[in-house]
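Excluded from the calculations below are hydrogen atoms, water molecules and symmetry mates; all remaining heavy atoms, backbone and side chain alike, are included. Each chain gets a letter, A, B and so on, in the order the sequences are listed, and its residues count up from 1.
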Amino acid sequence: MFTIATWNINSVRLREGLVARFLREEAPDVLCLQECKSPVDKIPLDQFRALGYTHVVARGQKGYNGVAILSRLPITDAGDRDYASLGHARHVAARLENGVTIHNMYVPAGGDTPDRTVNEKFGQKLDFVAEMRDVFHADRPERSILVGDLNIAPGEDDVWSHKQMLKIVSHTPVEVDHLLSAQDAGKWVDVTRQDIPAGLLYSWWSYRAKDWHAADKGRRLDHIWASQDIANAAHASRILRPCRGWDQPSDHVPVLASFDL
DNA sequence: ATGGTCGTCCTACGA
């Protein structure tokens with residue numbers, strides 16, 4: 001059995017202490033981070049190594065984006081892909097010794113206006129997810145786990161108000177269609193919803209709310225998917241809402257799952 | 001309808 005976690009950390013350098021606290025308290029075998037906002041050689045790894053996370057596979061750039069996989073199990077680098085040819089550090093893959101491949105993804109947020117004719121970023125987001133669909137269609141994933149900040153909340157219970165979110169980037173029908181097509185092309189199973197099928201579920205709350213907890217206008221943007229062949233090994237999914245209340249928090253909280261593999 | 005908050009790095013820009 002192993003556990004995997006995904007967390008958009010919104011600067012790993014600023015929140016090194018929060019990552020260390022999470023690793024001490026939850027001790028996942030693998031932690032996938034997004035929005036590290038750091039070149040790989042400036043990620044503060046010493047504290048993570050001291051906690052047992054001695055294996056690291058990462059891609060980074062200065063100031064923006066960046067994905068990292070920290071593991072206390074041995075992993076090897078399984079490459080990356082420049083989805084939508086943006087030149088951004090938004091994907092990296094690693095392989096465990098049991099043959100499981102882990103994809104760590106950070107899908108573009110897509111800007112404020114859900115119209116690619118006036119907002120280039122929205123088009124890039126759709127193109128990114130369409131390329132995910134094409135890649136999974138051409139080469140159907142096996143013994144694979146895909147995690148990350150997909151920046152899309154697909155279900156009605158993945159947002160605080162389905163009706164009020166229909167024209168808000170992250171929950172528009174065209175984005176949801178793209179994401180579900182990518183999921184279907186790879187025969188990916190949404191592990192979090194397999195484990196917790198009913199009810200509101202959020203992994204992100206805006207910094208702009210006066211009282212994020214009271215307003216509770218959240219969205220489930222962070223996901224753990226498993227390929228069909230290993231989906232029945234997944235269990236014990238959790239979303240750690242309390243992390244949003246930590247000092248100087250990320251606007252995202254960790255999502256976890258366990259696999260009997 | 002609007003403005004609200006962060007992080008990075010220099011002044012906006014992306015989220």
Side-chain angles (χ1 to χ4, degrees), chain A residues 6-22 32-44 58-68 82-91 104-116 118-129 147-154 158-161 163-172 174-176 178-179 202-223 241-255:
Chain A
T6 178
W7 194 7
N8 178 320
I9 195 61
N10 187 17
S11 175
V12 69
R13 298 170 72 185
L14 188 69
R15 283 184 245 289
E16 174 184 4
L18 269 61
V19 173
R21 176 177 172 185
F22 171 72
C32 296
L33 297 170
Q34 303 88 34
E35 270 206 278
C36 296
K37 293 187 173 179
S38 173
V40 172
D41 62 1
K42 298 213 164 143
I43 298 174
R59 299 292 186 272
Q61 60 187 95
K62 189 179 175 185
Y64 301 96
N65 310 311
V67 285
D82 181 15
Y83 286 90
S85 304
L86 299 172
H88 296 172
R90 294 180 176 274
H91 170 248
N104 182 14
M105 318 259 333
Y106 174 45
V107 173
D112 290 333
T113 306
D115 178 350
R116 67 180 306 155
V118 297
N119 171 20
E120 182 184 35
K121 289 189 178 63
F122 192 71
Q124 291 171 349
K125 180 180 195 176
L126 295 180
D127 291 348
F128 191 106
V129 179
V147 309
D149 176 5
L150 304 185
N151 263 316
I152 298 172
D158 296 334
V159 291
W160 65 277
S161 168
K163 192 177 170 201
Q164 289 180 260
M165 286 287 300
L166 278 170
K167 293 182 177 176
I168 304 298
V169 172
S170 73
H171 192 62
T172 63
V174 64
E175 289 170 89
V176 172
H178 273 62
L179 189 70
Y202 311 141
S203 65
W204 173 91
W205 294 260
S206 172
Y207 283 126
R208 296 176 188 174
K210 277 197 177 71
D211 183 340
W212 70 273
H213 191 269
D216 203 18
K217 293 185 174 180
R219 310 176 193 173
R220 187 170 71 102
L221 304 179
D222 303 276
H223 300 266
R241 180 184 177 109
C243 297
R244 185 63 177 76
W246 288 2
D247 283 342
Q248 281 208 320
S250 170
D251 44 355
H252 296 252
V253 298
V255 179

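On the C1' atoms, B:dA1 is 25 Å away from B:dA12, given to the nearest whole Å. Nucleotides B:dT11 and B:dG7 have their C1' atoms positioned 14 Å apart, rounded to a whole Å. A distance of about 15 Å separates the P atoms of B:dG14 and B:dC10, rounded to the whole Å. Distance check on atom P: B:dC9 versus B:dG3 gives 28 Å, rounded to whole Å.
Distance A:His88 NE2 to B:dC13 P: 15 Å, rounded to the nearest Å. When the P atom of B:dG14 is taken as reference, atom CZ of A:Phe128 falls 17 Å away, rounded to whole Å. In this entry the distance linking CH2 of A:Trp7 with C1' of B:dA15 reads 18 Å, nearest Å. We find that NZ of A:Lys121 is positioned 6 Å from P of B:dA15, with the value rounded to whole Å. For the pair A:Glu35 CD and B:dG14 C1', the computed distance is 8 Å after rounding to whole Å. Distance A:Leu86 CG to B:dA15 P: 10 Å, rounded to the nearest Å. The separation between A:Ile9 atom CD1 and B:dA15 atom P is 18 Å, rounded to whole Å. As a whole-Å value, the separation of A:Phe122 CZ from B:dG14 P is 17 Å.
With sequence neighbours excluded, no residue forms a ring-ring contact (aromatic ring centres under 6.0 Å, His included) with A:Trp160. Residues passing the side-chain contact (heavy atoms from CB on, under 4.5 Å) test with A:Ala58, sequence neighbours excluded: A:Val40, A:Ile43, A:Val56, A:Ala68. With sequence neighbours excluded, the residues that form a ring-ring contact (aromatic ring centres under 6.0 Å, His included) with A:Phe22 are A:Trp7. For A:Tyr83, the ring-ring contact (aromatic ring centres under 6.0 Å, His included) partners at least two apart in sequence or on another chain are A:His91, A:Phe128.
Cation-pi contact between A:Arg90 and A:Tyr106: present, with separation from the ring centre below 6.0 Å and deviation from the ring axis of at most 45°.
Looking at heavy-atom distances under 4.0 Å, A:Arg219 makes no contact with the nucleic acid at all.
Under the 3.5 Å distance criterion, the side-chain polar atoms of A:Lys125 are left unmatched by any main-chain donor or acceptor of A:Val169.
For residues 212-222 of chain A, the salt bridge (charged side-chain N to carboxylate O under 4.0 Å, His left out) pairs, not counting sequence neighbours, are A:Asp158-A:Arg220, A:Asp190-A:Arg220, A:Asp216-A:Arg241.
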Item checked: Letter per nucleotide, 5' to 3', of nucleotides 3-12 of chain B [B base touched, S only sugar-phosphate touched, - untouched; heavy atoms, 4.0 Å] -> -BBSSSS---
